[in-house]
Visitor: 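Before I ask anything, let me first share the structure, which is written out below as structure tokens.
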Number of protein chains: 2
Amino acid sequence: MNTPEITVKDIASKLRISPSTVSRALNGHEDVSPETKDKVMEMARQLNYSPNHAARSLRTHRTRTLGLVVPEISKHFFSNVLSGIQEYASSLNYSIVISQSLESFSMEQNHLQQLVSARADGILISLSNETNHGEHLRKLLDRDIPIVMFDRVLEDLPVSKVVVDDQKASFQAVEYLIKTGCKRIAFIGGLTGLYVSKEREAGYRQALTMHGLPIDEELIIHCNNLNRSPREEVTKLLQRTNKLDAIFCLNDPIAIEVMQVVKEWNLKIPEDISLIGFTNEPTSYYIEPSLTTVSQPAYEMGKTAVSLLIEQLENPKTFQPSTVVLGTRFIIRNTTRKLL
Amino acid sequence: MNTPEITVKDIASKLRISPSTVSRALNGHEDVSPETKDKVMEMARQLNYSPNHAARSLRTHRTRTLGLVVPEISKHFFSNVLSGIQEYASSLNYSIVISQSLESFSMEQNHLQQLVSARADGILISLSNETNHGEHLRKLLDRDIPIVMFDRVLEDLPVSKVVVDDQKASFQAVEYLIKTGCKRIAFIGGLTGLYVSKEREAGYRQALTMHGLPIDEELIIHCNNLNRSPREEVTKLLQRTNKLDAIFCLNDPIAIEVMQVVKEWNLKIPEDISLIGFTNEPTSYYIEPSLTTVSQPAYEMGKTAVSLLIEQLENPKTFQPSTVVLGTRFIIRNTTRKLL
DNA sequence: CTGAAAGCGCTAACAG
DNA sequence: CTGTTAGCGCTTTCAG
């Protein structure tokens, strides 16, 4: 039963050479004769040798492990990012250790600490809702652990970032609403602290202003998921105003919830009220009417984030933090009116 | 910049005690005086000590890391399983390293090998479509690496498993169709090799038989995603038969594709054709008409799978492989007719 | 091109 | 209750 571990020593003694030579052969060093190398490789295969990562890490101070912290893995967007991360990392022989902050700052901190202890070579992170500063991340930077942030980033941290131009995309979306004849346009956002919420609100404001429309603070709503649900907020909004042409939502789940309320009020979409979401969840395509939204390149974002991180790990000398802005796609479906 | 690593030795020398005592204190051993323990803890905090996992693993032959292999992380079902796994594992201080087989047997093999090399304490796996035997898993068992399989399992492997009773759930679904007056019921499955596909087909056949309905092999269709899409298959089916009362689909994505075709043929759902899916994806709730389906407890499945694995890791003596069958929930929505 | 020797940081006997 | 010693499996000087 208890198979003893095969080590470089075993290979060495079978071949009557030294462990160091075995190690060199296994790691493809130059200064090893081709025959020796072949013999070592062959013997390793025969013995079903599998290098011990822990021992190697202890020596080299590198684990080839990357830590990932996201708010919630089961969210469509994040699981797609993760998919991109995993595929790319594994193609370069890096492992990914995952953790979820569940939108809690303290969990985010704990997991980060855990990853430090596991000696992850680098960290990929998308911040929790609650996180409004980067002290915990600074501590890692002080320990020389590279970090790459994506989607939910903190601007004033000297690390690489991958984002989409939320403001521009929102501007474009709201501008489209205006061009299709909407004047009274509401914005339903999330926590005010959240980067994407701020950015998207800014794009909304900018579009109104650029088109000479007044900004009515009554139409700008922030719901944190705790005690102010989109459902309630929209209901209140509809009670408050009878003149409303459109609602621009922070994301698709909110838009979908809003859509239900609007339907219950027997308002026609898009004739009475237009609706736009953000993220392009699969449901948005199938829902009736199908939701106009902004698609974010989740998979590509993941891939870009790891590639940035690995680039930094492998060339620490030449590293300079950079911010990659990925393109979004505005997807016009049936919750918005046609352009004239 | 380059912060040197803080070790037990550092704590020891500051406190003028031995490293072993520090180690014992840190690991909560009994035989250490309370005062010493407190001092050690305090000093560890002060120095911002963080234990080196690699070194510990090298000594203890345990990594507190669990390897996960799933077909595709970005699929709703698997990302929810993963979420359950991650949360439970992290609550017990285990880390999860993820990998995706992308439905390829050879990738599954490679990732498993990688996890062996990383000395994962145990493996959680849901098989790829292509996998039809367990030789690669047997090799791990020979190395005494515990495995727990979930959802897509192999029956003849002596490991713990977590599944739902696919056959029973399908039986129930098809029986419901029959009770609502459907007689000619088609089944659209996936690859024939896939465990769930077989089980669900069996449930389908059983329901027909039990209710004295003939089994028409023409109505049983298997599409692998490669060259036979559900869309094509259903189109062919509709061309072939004009008498069709219902279609029972292997999963929701197939059902949703089928629904589109049925709509294009101007057939009314559920009046002309009833439809049932499996898995309960979020889209199924929002699609029009909303899809009758079977909900699988993904999160719970993940949680159960890790808990079985950790149980086995921590009590290897008393371990006996067990199979946990989780309950499904039949969700009646609007693609099926009402019971009389 | 190869070998000997040392040590990464930690824990587990063993001995007191 | 605590210290001493050894060694997990690997890589890396250094010396041939």
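In what follows, every chain begins at residue 1, and chains take the letters A, B, ... in the order their sequences are listed.
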Visitor: Within this structure, what is the CG-NE2 distance for the pair Leu141(B) and His136(B), rounded to the nearest 0.5 Å?
Guide: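 The distance works out to 11.0 Å.
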Visitor: To the nearest angstrom, how far is Leu26(A) atom CG from dT2(C) atom P?
Guide: 14 Å
Visitor: Whole-Å distance between dC1(C) P and Lys39(A) NZ?
Guide: 14 Å
Visitor: Pairs of donor and acceptor atoms involving the side chains of residues 76-83 of chain B, under 3.5 Å and at least two apart or interchain, shall be tabulated with distances.
Guide:
unit_1	atom_1	unit_2	atom_2	d
His76(B)	NE2	Asn80(B)	OD1	3.4
Ser79(B)	OG	His76(B)	O	3.1

Visitor: Hey, does Ser20(B) reach any base, or is it just sugar-phosphate, or nothing, if we go heavy atoms under 4.0 Å?
Guide: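 Touches a base.
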Visitor: Starting from the 5' end of DNA chain D, give me the residue, Arg24(A) or Val8(A), whose nearest nucleotide shows up first.
Guide: Val8(A)
Visitor: Taking side chain to side chain donor-acceptor pair (under 3.5 Å) as the test, write out the residues that go with Ser128(A), two or more places apart.
Guide: Thr131(A)
Visitor: Which residues pass the salt bridge (charged side-chain N to carboxylate O under 4.0 Å, His left out) test with Arg119(A), sequence neighbours left out?
Guide: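 With neighbours one apart ignored, the set is Glu5(B).
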Visitor: Looking at Glu314(B), I'd like to know if its CD atom is crowded, meaning that more than 12 non-hydrogen atoms belonging to other residues, nucleotides or ligands lie closer than 6.0 Å.
Guide: yes
Visitor: I'd like the 5' and 3' limits of the part of DNA chain D contacted by chain B, with heavy-atom contacts below 4.0 Å.
Guide: dC1(D) to dG9(D)
Visitor: Please give, in whole Å, the distance from dC10(C) P to Ile6(B) CD1?
Guide: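 About 10 Å, once rounded to whole Å.
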Visitor: For residues 36-47 of chain A, which residue pairs qualify under salt bridge (Lys or Arg N to Asp or Glu O under 4.0 Å), counting only residues two or more places apart or in two chains?
Guide: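 The answer is Glu42(A)-Arg45(A).
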Visitor: Taking only the side-chain nitrogens and oxygens of Thr21(A), find out if one of them lies under 4.0 Å from OP1 or OP2 of dT2(C).
Guide: no
Visitor: Short of 4.0 Å, heavy atom to strand atom, which residues of residues 44-66 of chain B count as contacting DNA chain D?
Guide: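 Residues of residues 44-66 of chain B under 4.0 Å from DNA chain D: Leu58(B), Arg59(B), His61(B).
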Visitor: Taking 4.0 angstrom as the limit, do Glu135(B) and Arg138(B) come out as a salt bridge?
Guide: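 The answer is yes: the pair qualifies as a salt bridge.
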Visitor: Over how many whole Å does the gap from Lys9(A) atom NZ to dT2(C) atom P extend?
Guide: 20 Å
Visitor: For Asn110(B) and Gln114(B), test the side chains for any donor-to-acceptor distance below 3.5 angstrom and give the result as yes or no.
Guide: no
